[in-house]
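Each remark here refers to the structure printed beneath this line.
Lettering of chains follows the sequences in order, A, B, ..., and the numbering in each one begins at 1.
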Number of protein chains: 2
Amino acid sequence: MLELAILGLLEEQELHGYEIRRRLREELGFLANVSFGSLYPALARLERSGAVVAAGEVASTPGIPMTGSLAGERAAFWPRRGPAPRSRRGRKVYRITEEGRRQFAALLAAEPGAGEDARSFGLRLAFARYLPPAARLRLLERRRSQLQERLEAARRVAADHQLDRYARSLAEHAKESTEQDISWLDRLIAAERSGGGDGVHWTPSPAPMPSPDPSRAASAAPSSAAAAAVTKGLP
Amino acid sequence: MLELAILGLLEEQELHGYEIRRRLREELGFLANVSFGSLYPALARLERSGAVVAAGEVASTPGIPMTGSLAGERAAFWPRRGPAPRSRRGRKVYRITEEGRRQFAALLAAEPGAGEDARSFGLRLAFARYLPPAARLRLLERRRSQLQERLEAARRVAADHQLDRYARSLAEHAKESTEQDISWLDRLIAAERSGGGDGVHWTPSPAPMPSPDPSRAASAAPSSAAAAAVTKGLP
DNA sequence: GTCATCATGTAAGCCGTTACATGATTGC
DNA sequence: GCAATCATGTAACGGCTTACATGATGAC
């Protein structure tokens with residue numbers, strides 16, 4: 001989960017840990033309170049598995065040899081957006097690798113058996129543009145059928161006469177918001193079926209991206225995949 | 001959390017582990033997939049801490065001495081509701097104690113600093129009838145202010161032009177459902193303020209309940225505090 | 001010079017999950 | 001007798017949180 005979110009953010013641009021956390025908090029509503037205690041170890045894992053590299057290390061991609069000037073090398077990887085970097089030491093800017101893109105695509109497309117909650121779905125939807133249209137549709141429909149089941153359960157509960165006012169109100173509210181979630185999904189699915197074939201919204205994730213062009217970090221970014229809390233899950 | 005849910009269910013009637021899990025799944029939408037691997041250890045902890053006792057053991061409440069016939073003693077604690085008990089061995093029927101009621105009241109009233117998510121709130125609301133009116137109001141208002149903050153964050157995100165269609169849709173949906181949650185809460189708060197003072201809905205939890213009357217298990221129960229998933233949290 | 005913020009990390013521990021192991025009861 | 005369901009538990013492990021430790025930079 002965290003890995004997926006991190007890789008998704010890094011698909012767009014290079015970032016350092018602190019900044020990743022800020023985006024997680026401010027832009028993705030779910031995962032709002034990931035702490036450094038889980039973020040940094042996650043980054044370390046990703047680095048060990050070869051999914052990301054810390055800036056300055058040009059990975060094993062040949063063609064861009066190190067100059068020998070570490071400082072110069074690192075300077076080239078400072079994030080360009082935002083106010084000029086203020087602190088320039090201690091920051092470890094991470095970049096996603098080909099292997100990382102592969103992992104990202106795999107995580108994104110993974111169809112988790114039972115453990116798909118709203119956070120997981122929301123996260124995947126936020127990065128849905130990296131998903132091939134068919135997988136996107138499956139994601140939406142899988143979610144829809146889960147919500148449908150939940151709706152039926154909610155209806156059963158709400159039908160219980162014996163609930164006190166609080167439990168009843170809770171049950172009815174649950175029923176109603178599930179209904180609204182479903183109709184939202186239905187709109188998304190319809191849009192996907194009709195206009196979806198245009199391919200406009202598919203940025204193939206494991207794209208051939210042979211030379212890690214530094215200018216990409218500065219210019220690419222259709223902005224962060226942001227999207228606040230669908231989840232009632234967190235604060 | 002789990003402890004709170006278990007104690008809440010046991011406030012109403014005696015139950016054995018398997019049945020507790022069934023209710024958790026079917027009636028409380030959150031906590032839908034607690035597994036035995038967490039449920040049984042939780043029950044064991046509660047038993048060790050004196051919050052619950054297994055049927056047959058009359059706790060340290062004097063006045064109802066053991067007859068010596070264990071089988072007879074246990075028979076008196078089979079749950080009376082539902083179809084006649086089919087399997088009659090291996091079941092450990094738990095009953096809440098005075099100490100358990102104390103713990104329940106404490107857990108229910110606890111004001112968790114930051115870690116209050118929808119599950120936690122939903123659970124507390126489901127058992128809100130055990131909360132004194134003032135605490136109930138605080139619970140609702142605390143939740144409202146959290147949602148208010150979330151709404152503002154969601155608005156900021158939704159205002160971002162650069163979102164792709166999926167992230168945008170997600171952000172807008174999040175904004176709208178948060179708005180609806182807030183207006184639902186506002187209705188609850190209003191109801192609480194006006195009609196709330198009647199005391200009708202307060203069953204003081206740590207009530208004096210000196211002799212554990214077996215008939216209570218059969219007759220009391222204003223039904224389980226049930227209420228399905230407010231949480232988008234789980235399946 | 002000191003405070004707030006930025007920035008990275010480690011250690012302990014909680015809470016829960018999956019998977020495994022066991023056995024009784026009922027229906028066929 | 002066998003399978004399904006009911007019923008209880010243990011063991012290993014995973015992920016995330018809290019709390020702690022450290023230090024650079026910039027503002028005042």
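Between the CG atom of L2(B) and the C1' atom of dT17(C) there is a distance of 12 Å, rounded to whole Å. Rounded to an integer number of Å, the gap from I20(A) CD1 to dA7(C) C1' is 13 Å. Taking atom CG on L24(A) and atom C1' on dA7(C), their separation rounds to 16 Å, with Å as the unit. We find that CE of M1(A) is positioned 8 Å from P of dC16(D), with the value rounded to whole Å. We find that CG of L46(A) is positioned 14 Å from C1' of dG15(D), with the value rounded to whole Å. Distance R25(A) CZ to dC16(D) C1': 14 Å, rounded to the nearest Å. Rounded to an integer number of Å, the gap from CG of L39(A) to C1' of dA19(D) is 17 Å. Put simply, CZ on R119(B) is 13 Å from C1' on dC16(D), counting in whole angstrom units.
R156(A) is linked by a side-chain contact (heavy atoms from CB on, under 4.5 Å) to E152(A), A153(A), counting only residues two or more places apart in sequence or in another chain. In this structure, S145(A) has no side-chain contact (heavy atoms from CB on, under 4.5 Å) partners at least two apart in sequence or on a different chain. Annotation: salt bridge (charged side-chain N to carboxylate O under 4.0 Å, His left out) contacts of R144(B) (sequence neighbours excluded): D186(B). Shown here are the side-chain hydrogen bond (donor to acceptor under 3.5 Å, both in side chains) partners of Q103(A), two or more places apart in sequence or in another chain: S49(A), E99(A). Under the rule for a side-chain contact (heavy atoms from CB on, under 4.5 Å), the partners of R45(A) that lie at least two apart in sequence or sit in another chain are E3(A), P41(A), A42(A), R48(A).
The side chain of S35(B) places an N or O atom within less than 4.0 Å of a non-bridging phosphate oxygen (OP1 or OP2) of dT17(C).
Considering CD of Q148(B) and CG of L151(B), their distance stands at 5.5 Å, rounded to 0.5 Å.
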Could you go over nucleotides 8-11 of chain C and give all protein N or O partners under 3.5 Å, atom names and distances?
residue: dT8(C); atom: OP1; partner: K92(A); partner atom: N; Å: 2.9
residue: dT8(C); atom: OP2; partner: G17(A); partner atom: N; Å: 3.4
residue: dT8(C); atom: OP2; partner: Y18(A); partner atom: N; Å: 2.7
residue: dT8(C); atom: OP2; partner: Y40(A); partner atom: OH; Å: 2.7
residue: dT8(C); atom: O5'; partner: Y40(A); partner atom: OH; Å: 3.3

